[in-house]
Trainee: 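Before we start, here is the structure in question, set down as structure tokens.
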Amino acid sequence: MNLRLLYVFLLGLSSPLFAIEPFTSELPAAARTRLESLARPLTLMGDFTESRFTPLKKTAVIVTGTVRIDRARGLSLTYAQPRAPVVILDENGLLLRHPDGREQTAPADATADLRLLHALFVFDLATLEKSYALTATENPDNSWALVFTRRPEAVSTYRELTLLGRAERLTRIILAKTARLRTEIALEPPQLDPRFSPEELVRYFR
Amino acid sequence: MFRSRRPLFLLLAFAALCGAWLLSLDPDERFTTDVTELLPADERDPEARLALSLVRERQSRVILVVLDAPAGTPPATLALATSAHAEALRASPAFAAATPLADPSWQHALGRLLHARRIDLLLPGWLAEQRRAYAAAFPATPPDDPAFSPWLARRTIAALDTRLASPDGNALAELIPSDPLLLLPALAERTASLDTQSTPLAGRALVWAETRAGPLSEAGQQPVFAALSAAENAARAHLPALTVRFTGVHRFAAAAKAATRDEISWLNLVALAAVFGVSVLSVRRIFGLLHLVPLVALSTLGAVAATTAIFPRVHVLVFVLGSLLSGVAVDYAFHLVLARREGENYPSRVRRLLLPLLGGAATTVAGFLTLVVSELPLVRQLGVYVAAGIVTGLGATLLYFSAFPNLDLAPRAWPAHAGCPRRFRLPLLLALTGFAAFGLSRIHWNDDLRALEYPSPALRAEDAAIRAAFGENNTGVSLITRGASFAEARTHWQTLADTTPVSSLASLFPLPADYAAALSPAGRATLTRLGPDLAAAALRAGYEPDAFQPFLTDLIAHLTRPAPDYENLARETLAALPGPLGLLAHANSDGVWFISRAKSPATPAHDEHTLSLSGIESLNHLFARYRVATSRLSFAGIAALVLISCALLGLRTGLRTAALPLLATALSFAVIALRGEPFGLFHLLGALLGVCLADDYAHFAHADDGSPGALASIRLSALTTAASFATLSLSAIPAVASLGSSVALIVVLALVFVETDLFSLRHHA
């Protein structure tokens, strides 16, 4: 082993000791541990209710569906409406898979937003930190909130991303472009580490 | 006169005249390698005109570039390199446009354009669709039913609610205030499969570019390649390990041009060497063969000069095929020199041999001149080229050897042979005819324009890979719909779309009838009422009072200004389309066409206005038509040959003389067919040439007086011709190889027939 390789080897060994965690100052240790715990299940499935607030309507448009998460494959949303496509969000971006087999990708300029949403859903704090500042709140009633506020230089169109929970459970996600244009996703208690069949993997992921 | 030097001066003057003429020509202007120029520019078939215009118009000027970054390259670095590449192309005068497909700016420009024209372009079709739905729901109501507008407003809001609750509803929230009728999302769905942007792999970027000059012109090749090279360097300044690949008709055209030029050179050289080699085996005075060089040169010079004098643009393939002249042009020389008798002066020899010489030459010239009436420029040019070459070759031969009347090549004595015994001749002829008939029944035709192209498998493979990266693949069918105007083309396209699921830019334009209906007083009245009805229905459904204010403002503006003329609207919209989309429709003085994509590969063209399009392959049906027309001409040429033979030699001998080349040709075709080789236009041309050559030998054989030189001249002529055509069969261009192999086979068989005297032509034998 020459000196250069030895140096690289030592650097590799030592790097965890000096690694800087994302949001070092903003995120309390308990919250970090909670996020690590939330990110731990390899698969997850649960029902959700989505409230879409737009400046068009006085009240929210409510839709329901099921979310499936596979850490290796990404996130998949199925909606209760007939003929609704499966929405797949993964490292390659967004894919809408229609019941007739047609597949639709998101436009190129949505890439930055989608990358950040994907980071939010898999708790990739390092990616989020580049575009968002974090405010963490712990309440006496055991509820908590993590509010990611867009940094001035960031290109994301989402002004604020919020994770709300109680104890060890994530209960609500809020994606806000403006105060009047936002989506609130209420999550039912999920099934942790369900085993997706090969057919489900093909149908719900890519 | 024959002993004087005047004939040589005459030949020199002729060579100087032809040379001066050729030197005065601009090679780029007068010669072409463009395969599409093999078809007539004024092709009468409108489908072919359409396909040709497509190949020649903007589509052919597109260059697709794939940039691959090494693994681990940050996306921002690749984006920077891609942007530098596209900017460098845009800065080059060789390029009219260059757009990185990941760069959404052209899509934004498209979005802005369509948004600005949504009411003009999309509202008429939407309104017509709603009227049909209303008529289906309430059949008894009159067209101007006042209940229509409130119904339409309620239906619109219901559709909007459904859409807002759909998975992509959030993405539309910002568009809906100005497009509550969802005109743009509906258009996006209709044209989804036209999306030229595929999802590139990580570490890959795509650049779409359009050159200013056509790919077949000089300005469309080297300057384009230089600009691409400069753009590659500009991109590498940001990412040194970048891999850049590109494709376009330009590359194929340049490669074909270079390869064809090389092939012309080496085929002519090899053919000349083969002729010389065969001659060396046949005569003792080898240096005397150098006399053939000026004859071949003069014959070729005369052929090129005549062809370029008659045709404003000549395809280089004519010269590749024309390399056969080196074999044909020496035939008359061999016969004139080898058939000499001791003590006979030159004028007497010419008089004695004039009939077979003229007979042979006249039949060949007549055969090839029939091709001059062909529709196909290549066939016409080849007809003139060979006919002019033969006339020049014969004239040059007669003049040239007048200066060398005692030239003796000293033919080598070949082993003595006996002709086929007379009693076997008829049965053998019948057997051979039967075999030929059987073989001819096995002929199958394969008309493929690509047979004329120089094969470039490596380029084709790279082209396919790059096009796949751009999302182009071989699934589905492209269809092209035409009309004299936008209105007509759009109406024809609707006929197609009503029966076949297709995507096309045509759906961007309203049907002329729908456009007229929306602009009619009844249409305007409905739209005027729709604004307030929509606002009221929205309010009832929980929408904010000003939810659709931007749309209502635009609708009022639309109703208060004069509507644009349909043709102007369509023409201006098409001209303003940014990026690759503008290539999916075209308007010129010939009319308007739209390209459609159908997913099913078996989708047929549905009416006379729509044809299936698969690039140059779509021209193959034309090629088949030309082949049929050429076969008719070939029969006319053969009939002329038989008539000339009968006129010169009398009916009985004339028919026998003509039967020799016909059987040789039929047998050759039979052999080729039984080998399983598909036949095309160039086999036919080969047959016509072979018949003419074999007919020469039949005439020479008939004139055979038993002197050793007479048969030697036929043998040498045939072997040199066979050698030069066998050389052509080595060509990488399938059409040239087909022609070479068929002619070589015909000539060899004709020689065998002469040697065996199967047709009892040699009356001394």
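Because the structure is predicted, anything quoted here is derived from the model rather than measured. Note on naming: letters A, B, ... go to the chains in the order of the sequence lines (proteins, then strands), and numbering restarts at 1 for each one. Keep in mind that the numbers below use all heavy atoms, side chains included, and drop hydrogens, waters and symmetry copies.
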Trainee: Could you tell me which portion of A/P55 (side chain, backbone, both or neither) has an atom closer than 4.5 angstrom to a non-hydrogen atom of chain B?
Mentor: backbone
Trainee: Is A/L56 close to chain B through its backbone or its side chain, or both, or neither, when contacts mean heavy atoms under 4.5 Å?
Mentor: both
Trainee: Need one label for A/R180: side chain, backbone, both or neither, based on atoms under 4.5 Å from any heavy atom in chain B.
Mentor: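 Interface part for A/R180: side chain.
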Trainee: Which bit of B/A541 comes within less than 4.5 Å of chain A, counting heavy atoms only: side chain, backbone, both or neither?
Mentor: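 Looking at B/A541, just its backbone touches chain A.
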Trainee: Answer yes or no: are there more than 12 heavy-atom neighbours, outside A/R169 itself, under 6.0 Å from its atom CZ?
Mentor: yes
Trainee: The test is side-chain contact (heavy atoms from CB on, under 4.5 Å); show your working for B/E544 and A/K58 and say whether it passes.
Mentor: CA-CA 6 Å; B/E544 297 285 358; A/K58 293 169 185 151; 3.7 Å; yes
Trainee: Select one option (side chain, backbone, both, neither) describing which atoms of A/E91 are under 4.5 Å from chain B's heavy atoms.
Mentor: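 Contact with chain B involves no heavy atom of A/E91 at all.
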Trainee: Return the minimal non-hydrogen interatomic distance between B/L164 and A/R52, and the atom names on each side.
Mentor: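 Result for this residue pair: O-NH1, 2.7 Å.
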Trainee: Determine the minimum heavy-atom distance between B/A165 and A/V63, stating which atoms define it.
Mentor: O-CG1, 3.1 Å
Trainee: I would like to know whether B/T162 and A/Q81 meet side-chain contact (heavy atoms from CB on, under 4.5 Å); could you show each step before the answer?
Mentor: CA-CA 9 Å; B/T162 305; A/Q81 299 107 308; over 6 Å; no
